[in-house]
Amino acid sequence: MEGMPHSAEDLLARRTPFQEALAAWYRREARVLPWRTAPSLYKTVVSEFMLQQTQVKTVLPYFARWHQALPDFGALAAAPEAVVLKLWEGLGYYSRARNLRRLAQVLVALPEIPRTTAGWLALPGVGPYTAAAVTSIGFGLPAACVDGNVVRILARLTADHREFRDSATAAKAFAPLAQQLVPARGAGDHNQAMMELGATVCVRQNPLCDRCPVFRFCAAGRAGKPEAYPRLATRPIEKQTVVRIWCESKGALLLHRAQAGARRLAGQHELPTAEQAGLVPAAIAQGPLLARKKRAITRFQIVESIHRAAPPRRLPPDLIWAPLGELDQLVLSGPHRRWIGEILRRPARD
DNA sequence: AACACGGGGTC
DNA sequence: GACCCAGTGTT
């Protein structure tokens with residue numbers, strides 16, 4: 001608790017009424033979500049993996065499709081990785097999908113499912129957040145979830161003026177306070193209530209303080225400037241340009257397939273960059289422009305231009321000819337699936 | 001501790 | 001356009 005503002009002690013001194021006010025609000029306002037109705041450990045795990053760095057609204061259709069195709073740990077463990085990636089296509093952070101599949105394989109092979117937070121922490125794809133979420137929601141263990149929502153709420157409740165270099169540092173700093181606020185009973189609902197409050201009321205911009213069940217505990221709210229917290233340093237955005245080629249021949253499209261062990265987009269297909277095709281970007285960029293697209297990845301802003309190019313004489317490594325009729329069966333990155341579809345739907349491509 | 005990872009939401 | 005989001009794994 002070193003370095004924590006004095007208001008953290010005030011909050012802890014009133015932790016029971018705080019917990020009760022939050023719990024009453026959650027019983028009243030909790031959103032109806034598919035992993036909350038008829039909950040199971042499997043639904044909890046799948047939803048928590050999908051919710052890593054992804055908002056509820058985005059996850060909803062993916063969760064439904066996933067649960068239909070792979071209804072339990074056994075089905076997931078037995079599914080080919082390509083099937084799993086296909087179901088994840090468009091969600092991003094694809095290592096989550098591979099980790100989730102590996103986790104299912106480990107759980108199925110284990111004599112029994114771990115029942116401690118530390119036991120879950122040791123499993124693939126499970127970090128401090130997910131270990132706390134799964135064991136508090138699934139087993140009622142009193143472990144605190146510290147996600148972006150919880151950091152924001154705690155920073156506001158205590159009007160913590162410290163500047164954190166990034167969200168991971170902030171999460172670490174608030175973990176002790178978060179842990180002390182977890183009730184001995186009902187930890188799962190408490191954690192979900194905190195995150196729900198952050199997602200729906202204590203939002204980053206224009207928080208709805210007049211609807212906040214714990215406003216009377218909030219130092220930043222009293223001071224009238226909740227939006228000033230938390231203070232997170234911002235890193236400069238880097239701009240990049242990428243030149244890609246559109247090579248269509250005999251009803252097939254040239255695609256690049258990231259190798260299984262690749263750091264990003266492992267096993268997925270995208271239009272090849274000029275470099276991947278062994279071509280000079282500046283020369284390709286002279287050719288006919290089919291599309292210019294922007295995408296943002298972490299702190300990079302990337303402008304990608306897609307140019308028609310002649311097929312390479314020899315097929316460079318990792319490049320494949322994908323029959324147009326079979327594109328649906330390949331795993332593409334979300335944006336590339338859209339861009340390719342757009343270009344293919346154009347009336348006259350020639 | 002710093003960094004990479006993908007995409008969508010929001011103001 | 002900038003920043004954020006139910007973070008984790010690697011270096």
Side-chain angles (χ1 to χ4, degrees), chain A residues 30-31 33 35-36 43-63 85 88-100 102-103 120-134 136-137 144-153 164-173 175 178 188 191-200 202-207 227 230-240 258 261-266 268 270 293-304 331-339:
Chain A
R31 290 171 289 182
L33 299 172
W35 47 90
R36 288 181 179 165
K43 287 183 195 173
T44 301
V45 169
V46 171
S47 63
E48 289 304 339
F49 268 68
M50 288 186 171
L51 288 165
Q52 291 169 9
Q53 297 296 90
T54 306
Q55 295 180 345
V56 167
K57 188 179 172 184
T58 308
V59 162
L60 286 174
Y62 286 90
F63 182 86
L85 284 175
W88 204 271
E89 183 185 84
L91 257 187
Y93 286 109
Y94 298 92
S95 62
R96 290 183 295 173
R98 292 194 299 277
N99 286 338
L100 181 51
R102 271 207 298 148
L103 171 62
W120 275 82
L121 196 48
L123 298 171
V126 178
Y129 166 79
T130 306
V134 169
S136 67
I137 297 170
C145 293
V146 189
D147 71 341
N149 291 308
V150 173
V151 166
R152 188 169 55 254
I153 292 168
F164 302 99
R165 68 165 303 283
D166 59 29
S167 53
T169 307
K172 198 178 289 186
N191 281 328
Q192 294 192 78
M194 289 285 280
M195 297 188 282
E196 186 100 351
L197 186 68
T200 63
C202 195
V203 292
R204 183 170 63 97
Q205 291 168 323
N206 304 319
E227 294 183 81
R231 296 187 55 209
L232 292 171
T234 60
R235 286 182 61 194
I237 304 279
E238 258 186 63
K239 306 196 182 221
Q240 294 181 357
R263 194 209 281 277
R264 70 179 275 270
L265 298 175
Q268 294 193 74
E270 290 196 327
K293 299 291 183 183
K294 292 182 183 177
R295 65 204 294 208
I297 299 174
T298 316
R299 62 188 182 83
F300 300 99
Q301 276 197 357
I302 308 168
V303 178
E304 310 202 14
V331 185
L332 301 179
S333 76
H336 279 240
R337 174 162 296 286
R338 274 203 317 280
W339 301 348

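Reminder, nothing fancy here: chain letters follow the sequence lines and each chain counts from 1. Nothing here was measured: the structure is a model prediction, and the numbers come from that model.
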Between [options], which nucleotide gets closest to the side-chain atoms of [X]?
X: L265(A); options: dG6(B), dA6(C), dA4(B); value: dG6(B)
X: R338(A); options: dA6(C), dT10(B), dG8(B); value: dG8(B)
X: R31(A); options: dG9(B), dA6(C), dG6(B); value: dA6(C)
X: Q301(A); options: dA6(C), dT10(B), dA2(C); value: dA2(C)
X: N206(A); options: dC11(B), dG7(B), dG8(B); value: dC11(B)
X: P335(A); options: dG7(B), dA6(C), dG6(B); value: dG7(B)
X: T58(A); options: dA2(C), dG9(B), dG7(C); value: dG9(B)
X: Q52(A); options: dG7(C), dA6(C), dG8(B); value: dG7(C)
X: P128(A); options: dT8(C), dG7(C), dA6(C); value: dT8(C)

Could you tell me which non-hydrogen atom of Q52(A) sits nearest to which non-hydrogen atom of G125(A), and how far apart they are?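 Shortest heavy-atom contact: NE2-O, 3.6 Å.
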Shortest non-hydrogen contact from L265(A) toward A258(A):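 Residues L265(A) and A258(A), closest heavy atoms: O-CB, 3.0 Å.
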Does [X] reach a base, just sugar-phosphate, or nothing at all? Heavy atoms under 4.0 Å.
X: S333(A); result: sugar-phosphate
X: T130(A); result: sugar-phosphate
X: Q205(A); result: sugar-phosphate
X: V150(A); result: nothing
X: G198(A); result: nothing
X: R102(A); result: nothing
X: L232(A); result: nothing
X: N99(A); result: sugar-phosphate
X: R98(A); result: nothing

Considering just the side-chain nitrogens and oxygens of [X], establish if one lies under 4.0 Å of OP1 or OP2 belonging to [N].
X: T54(A); N: dG7(B); value: no
X: Y62(A); N: dG7(B); value: no
X: Q53(A); N: dG7(C); value: yes
X: R165(A); N: dA2(B); value: yes
X: R204(A); N: dC3(C); value: no

Atom pair distance, as rounded to whole Å: [atom1] in [X] and [atom2] in [N]:
X: R295(A); N: dA2(C); atom1: CZ; atom2: P; value: 18 Å
X: L100(A); N: dG9(C); atom1: CG; atom2: C1'; value: 16 Å
X: Y93(A); N: dA6(C); atom1: OH; atom2: C1'; value: 13 Å
X: W35(A); N: dA6(C); atom1: CH2; atom2: P; value: 12 Å
X: R96(A); N: dG7(B); atom1: CZ; atom2: C1'; value: 9 Å
X: R231(A); N: dC4(C); atom1: CZ; atom2: P; value: 13 Å
X: L123(A); N: dG7(C); atom1: CG; atom2: P; value: 19 Å
X: L85(A); N: dG6(B); atom1: CG; atom2: C1'; value: 13 Å

Quick one: do the R96(A) and Q53(A) side chains pair a donor with an acceptor below 3.5 Å?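 There is no such pair between these side chains.
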Check the side chains of E270(A) and S333(A) for a donor-acceptor pair under 3.5 angstrom, ignoring hydrogens and angles.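 A donor-acceptor contact under 3.5 Å links the two side chains.
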P gap between dT8(C) and dG8(B), integer Å: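 About 22 Å, rounded to a whole number of Å.
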Say we look at dG6(B) and dC4(C): how far apart would their C1' atoms be, to the nearest angstrom?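 Rounded to whole Å, the distance is 14 Å.
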Please tell me which of A233(A) and P124(A) maps to the more 5' nucleotide of DNA chain C, matching each residue to the nucleotide holding its nearest heavy atom.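 Result: A233(A).
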Apply side chain to side chain contact (heavy atoms under 4.5 Å, CB included) to residues N206(A) and E227(A) and explain how you reach the verdict. CA-CA 7 Å; N206(A) 304 319; E227(A) 294 183 81; 4.1 Å; yes
Counterpart residues, side-chain hydrogen bond (donor to acceptor under 3.5 Å, both in side chains), relative to K172(A) (two or more places apart):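 Once residues adjacent in sequence are excluded, K172(A) has no partner under the side-chain hydrogen bond (donor to acceptor under 3.5 Å, both in side chains) criterion.
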Report the residue from K294(A), R295(A), K293(A) that forms a side-chain hydrogen bond (donor to acceptor under 3.5 Å, both in side chains) with E304(A).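 Considering K294(A), R295(A), K293(A), a side-chain hydrogen bond (donor to acceptor under 3.5 Å, both in side chains) with E304(A) is found only for R295(A).
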Between K57(A) and H336(A), which has a closest nucleotide on DNA chain B that is more 5'?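 Residue closer to the 5' terminus by nearest nucleotide: H336(A).
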Side chain to side chain contact (heavy atoms under 4.5 Å, CB included) between V134(A) and V126(A): does it pass, once the steps are laid out? CA-CA 9 Å; V134(A) 169; V126(A) 178; over 6 Å; no
